[in-house]
Amino acid sequence: MQLLRAFAPWLLLAFLGQQVSLSSGARNKNRGANKTVTSAPGRAQKSGNKSGATGRGKFIITDDNMQCTWGAKDVGDTVRLSVKCENPEARVKGGVTDLECKYNGKPQRCPGYQSDPKGFWKQVARLFKKMQGKVCKDERALVKAGMCKRAPRDAHFKLDISSPVSSGQSGGGSVDPKPLPTRSPGSAPAGPTACTGREQQKKKAEENCGRWASVCTFLFTMVQNEDC
């Protein structure tokens, strides 16, 4: 009994120390859980504010009957719009068959782009339809969404003047090829007539053969075989 009384304080201290340790571990665990829960919405909000360049669309340049498509792509801190147009009828009738170009801008500097990217791209699509003949040609024509009128100038899309590429077709499908001039076999080439050549031979013989001129003329005639 005396032995139990001697060890009782030590047992009590050991028990209290274990309880303190367990309580401290539980508090640390709860503190870590609370930290994770509060930081998660912050990360989600940050990622939600970043709107990727997902715009794309189609339009027609009516004057040239060009069927065009465009698509947006992030290139560093810039958004690039790639435009491609084609006119299948021009491959037969002639004219511009293909047209390509690029527009660059920083729409992320426009608050409207961040808050409503879907509405922003709808406005860009309507702008391309209104630009018509200025597409890929007029570097002064900005693709400027209505919700970004007060945004800095570089927030709007501007034509990259080094990007436009076009190709065309002469369209000779309905033109009949002209036949090349032909010459019948054995026909004499253009030049002096045979009789004119005979007179030249006779004159040459008189100058070089003297009294044997008639013989030289006869020989010239036999060799060249020319008749009047």
Is it true that L142 and V124 fall in one hydrophobic cluster, defined by side-chain heavy atoms closer than 4.5 Å? no
Is there a donor-acceptor pair under 3.5 Å between the side chain of Y113 and the backbone N or O of A155? no
Parallel, tilted or perpendicular: which describes the rings of W70 and F128, with under 30° parallel and over 60° perpendicular? tilted
Heavy-atom distance under 4.5 Å between the side chains of T97 and N87, does that happen here? no
Just checking, is any N or O donor in the side chain of Q132 or T62 under 3.5 Å from an acceptor N or O on the other one? yes
When rounded to the nearest 0.5 angstrom, what distance separates OG in S166 from NZ in K137? 8.0 Å
Between E86 (side chain only) and L99 (backbone N and O only), is there a donor and an acceptor less than 3.5 Å apart? no
Within residues 146-156 or reaching into it, pairs that qualify as side-chain hydrogen bond (donor to acceptor under 3.5 Å, both in side chains) - sequence neighbours excluded: R109-D154
Correct closest heavy-atom pair for V135 and I61 would be CB-CD1, 4.2 Å
Do the side chain of E100 and the main chain of V83 share a donor and acceptor less than 3.5 angstrom apart? no
Atom of C148, atom of F120 and distance for their closest heavy-atom approach: SG-CE1, 3.7 Å
Measure the spacing between OG1 of T54 and NZ of K73 and express it to the nearest 0.5 Å. 14.5 Å
Enter the distance from L81:CG to D160:CG here, rounded to the nearest 0.5 Å. 11.5 Å
By the salt bridge (Lys or Arg N to Asp or Glu O under 4.0 Å) test, which pairs, at least two apart or in different chains, include something from residues 120-129? none
Can you sort out the partners of K130 under side chain to side chain contact (heavy atoms under 4.5 Å, CB included), two or more places apart, ordered by chain and number? none
Does Q67 use its side chain to pair, donor to acceptor, with the backbone of F59 at less than 3.5 Å? no
Is D64 reaching over with its side chain to a backbone N or O of M66, donor-acceptor style, under 3.5 angstrom? no
Do you know which of V79, T78, N104 makes side-chain contact (heavy atoms from CB on, under 4.5 Å) with F157? V79
Is there a donor-acceptor pair closer than 3.5 Å between any side-chain N or O of S163 and the backbone N or O of C101? no
What heavy-atom pair brings M147 and C110 nearest, and what distance separates the two atoms? O-SG, 3.8 Å
Might you point out which heavy atoms bring G146 and Q123 nearest each other, and give the distance in Å? N-OE1, 2.8 Å
List the steps and the verdict of disulfide bond (SG atoms under 2.5 Å apart) for C136 and C85. CA-CA 10 Å; C136 295; C85 305; 5.5 Å; no
For the pair T69 (side chain) and K58 (backbone), establish whether a donor and an acceptor sit closer than 3.5 Å, ignoring hydrogens and angles. no
Are the side chains of M131 and V143 in touch, meaning some heavy atoms are under 4.5 Å apart? yes
